[in-house]
Amino acid sequence: MQTTIPRTRIQGLNSLRIRNGSYVMYWMQQSQRLEYNHALEFAIHKANKLGQKLLVVFGLSAHYPEANLRHYTFMLQGLKETQSALSDRGIKMVIQRGCPSVIALILGADASLIVCDRGYLKHQKAWRNEVSLKAHCAVVQVESDVIVPVEIVSDKAEYAARTIRSKIKKNMDSSLVRFRHGRLKKDSLNLNVNSLDLTDIDLLLKDLNIDRSVPAVSPFLKGGTTSAKKSLKKFIRNGLPRYGRNRNQPQTDDTSQMSLYLHFGQISPLHIALQIKNADDQLQKEKETFLEELIVRRELSINFVHYNQAYDSFDCLPDWAKKTLAEHRADKREPIYTREQLENAKTHDDYWNASMKEMKYTGFMHGYMRMYWGKKILEWSDSPENAFRTALAINNKYFIDGRDPNSYAGVAWLFGLHDRAWNERPIFGKIRYMSASGLERKCDIHAYLEKVEKRIRFFQKNRTI
DNA sequence: ATCGGCTCGCGCAA
DNA sequence: TGCGCGAAGCCGAT
């Protein structure tokens, strides 16, 4: 049990001191939860030490890059729960409408100290940079979204899972520790700061001028820590015992779905990892396989977006991949589908269409099908650059967990990132290929088609938003 | 059903 | 400098 936050998670973002302001402010943005939140714990600790109140602030932008009704609904469900959970602890949380960095600076003007959590995408870094440059007090960033902080693992973009694995494992035991949740001494509920009212999320969503082109998946998937923990429990009971066998079987539902909640910081990877470690001792192998995905692969994605500035474009790919795709640029593509045809699931390939529908109507797709889905976009586009753009755009539009570091690494993987060369063939060159016959050979793809059809019928019948 | 070849480059051993 | 091996494969030979 750890009582203080490890130094390796804490970074001063400017050189200013703690001022004598009205409160300590935790600018919450990435880690949208109360539990296992290192940034929040650090802020509570500092507030107690200074004898001050703690104000938690969230800036809600109506124009978050690529976000639509589906994402906002899921996020606001989680924020509503977090606000009330904090309130139960005597901590005031306000949500204000506007660009997150601007909100942080406005409310931070009265703060003694601004604590923020960490995000690795370009716009998330830019927001924190702006706040650290313009704030009048110390700005401290606390990592609470990974098991091993990125800089501790490596100081460069890693080449593949195998090169990052040992570096993560070296630091894992010292990072996989519980910590005590602190208590705020000075109740801050009476702080007089305005907040958006989250009582009626639908009403608030109508008020915000957001992109409404993609419907929410509520009430089938609900955002928030309670949902996340319920899914985790269910996974440990039902999915984990079969994880080794079924993780690549898209007709089953033996996945954890943790990526949805992790994306919005509604659950901590540390919390998940500890729960998994504590599960049945008979499941050593399954646990290892799951932790490999949760920690090594997820944190490889974060390493990628942190150190590779081109993570959202074709340029991010390793040279051998760009070279081999260029050599096959003139290969005949037949058929070629437009983005519209793809989004409408109007291809000749029923397996592919089913995966597209799963994504479009349920906001989720089984991991194994995510690979097949993307590989075919490369095969059916007029150029690899356009394929990259299309795959990423559709990914981010429909997946609840789109726009995550995992999204960028996942899309780039389709084009060779973190992978190796394979037998050369048309269009793909030496990039790994996947085929419909592979699906037939390796899983029960017809059961998957049925699963998707059934789920979509259920969704359409019961949709409320 | 199972196996080997395909093919690249990092990281480590020497 | 050489060598082993890898984020989830394909394909043809046996």
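Here is the naming used below: chain letters follow the sequence lines, and residue numbers restart at 1 for every chain.
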Exercise for the section: Step through it carefully: locate the ring centre of A/Phe428, locate the ring centre of A/Tyr433, and say whether they are under 6.0 Å apart. Expected result: yes
Problem - Spacing between A/Arg432 atom CZ and C/dA7 atom C1', to the nearest angstrom - result: 6 Å
Handout entry: Centroid-centroid distance, A/Tyr72 to A/Tyr64, less than 6.0 Å
Key = no
Exercise for the section: Assign A/Met371 to base, sugar-phosphate, or nothing according to its heavy-atom contacts below 4.0 angstrom with the strands shown. Expected result: base
Handout entry: Nearest-angstrom distance, P atom, B/dG9 to C/dC10
Key = 23 Å
Exercise for the section: Describe the nucleic acid contact of A/Arg165 in one word from base, sugar-phosphate, nothing, applying a heavy-atom distance below 4.0 Å. Expected result: sugar-phosphate
Problem - Electrostatic pair A/Asp419:A/Arg432 at N-O distance under 4.0 angstrom - result: yes
Exercise for the section: Take atom CD of A/Gln284 as the centre, draw a 6.0 Å sphere, and report whether it contains more than 12 heavy atoms from other residues, nucleotides or ligands. Expected result: yes
Practice task
Answer with base, sugar-phosphate or nothing: what part of the nucleic acid does A/Thr324 contact at a heavy-atom distance below 4.0 Å?
Solution key: nothing
Handout entry: Nearest-angstrom distance from the residue atom CG of A/Asn423 to P of C/dG12
Key = 10 Å
Fill in the blank from the handout: With sugar-phosphate taken as primed atoms, P, OP1 and OP2 and all else as base, the protein-contact string of nucleotides 9-14 of chain B at under 4.0 Å (heavy atoms; B, S, -) is BBS---
Practice task
Indicate yes or no: does A/Lys430 engage A/Glu327 in a salt bridge with an N to O separation below 4.0 Å.
Solution key: no
Exercise for the section: Figure out the CD1/P separation between A/Ile295 and C/dA7, and round it to whole Å. Expected result: 16 Å
Handout entry: Between C/dA7 (P) and A/Phe290 (CZ): distance, integer Å
Key = 18 Å
Practice task
Determine, using ring centers only, whether A/Tyr36 and A/His181 are less than 6.0 Å apart.
Solution key: yes
Practice task
Could you check how far CG of A/Leu294 sits from C1' of C/dA7, rounded to whole Å?
Solution key: 15 Å
Handout entry: Whole-angstrom distance between C/dA7 and B/dT2, as gauged at atom C1'
Key = 23 Å
Problem - Side-chain ion pair, A/Glu41 and A/Arg180, N-O less than 4.0 Å - result: no
Practice task
Would you indicate what A/Asp419 reaches in the nucleic acid, counting non-hydrogen atoms under 4.0 angstrom: base, sugar-phosphate, or nothing?
Solution key: sugar-phosphate
Exercise for the section: Report, as yes or no, whether the 6.0 Å neighbourhood of atom CG on A/Asp319 holds more than 12 heavy atoms from other residues, nucleotides or ligands. Expected result: no
Exercise for the section: Could you check how far CH2 of A/Trp422 sits from C1' of C/dC10, rounded to whole Å? Expected result: 9 Å
Practice task
Quick one: the dot-bracket string of DNA chain B, using Watson-Crick and G-U wobble pairs with both distances under 3.5 Å, [ ] for crossing pairs and | for bases paired to another strand.
Solution key: ||||||.||||||.
Practice task
Tell me whether the centres of the aromatic rings in A/Phe415 and A/Phe388 are closer together than 6.0 Å.
Solution key: yes
Fill in the blank from the handout: Side-chain atoms of A/Ala421 come closest, of B/dC8, C/dC10, C/dA7, to B/dC8
Handout entry: Rounded distance (Å) that lies between atom C1' of B/dC6 and atom CZ of A/Phe428
Key = 16 Å
Practice task
Could you tell me whether A/Arg441 contacts a base, only the sugar-phosphate backbone, or nothing, with contacts defined as non-hydrogen atoms closer than 4.0 Å?
Solution key: sugar-phosphate
Problem - Short side-chain N/O contact from A/Lys430 to OP1 or OP2 of B/dT7, under 4.0 Å - result: no
Handout entry: For atom CD1 of A/Ile164 and atom C1' of C/dG6, their distance in whole Å
Key = 15 Å
Practice task
Assert yes or no for the condition that the ring centre distance of A/His71 to A/Tyr398 is strictly below 6.0 Å.
Solution key: no
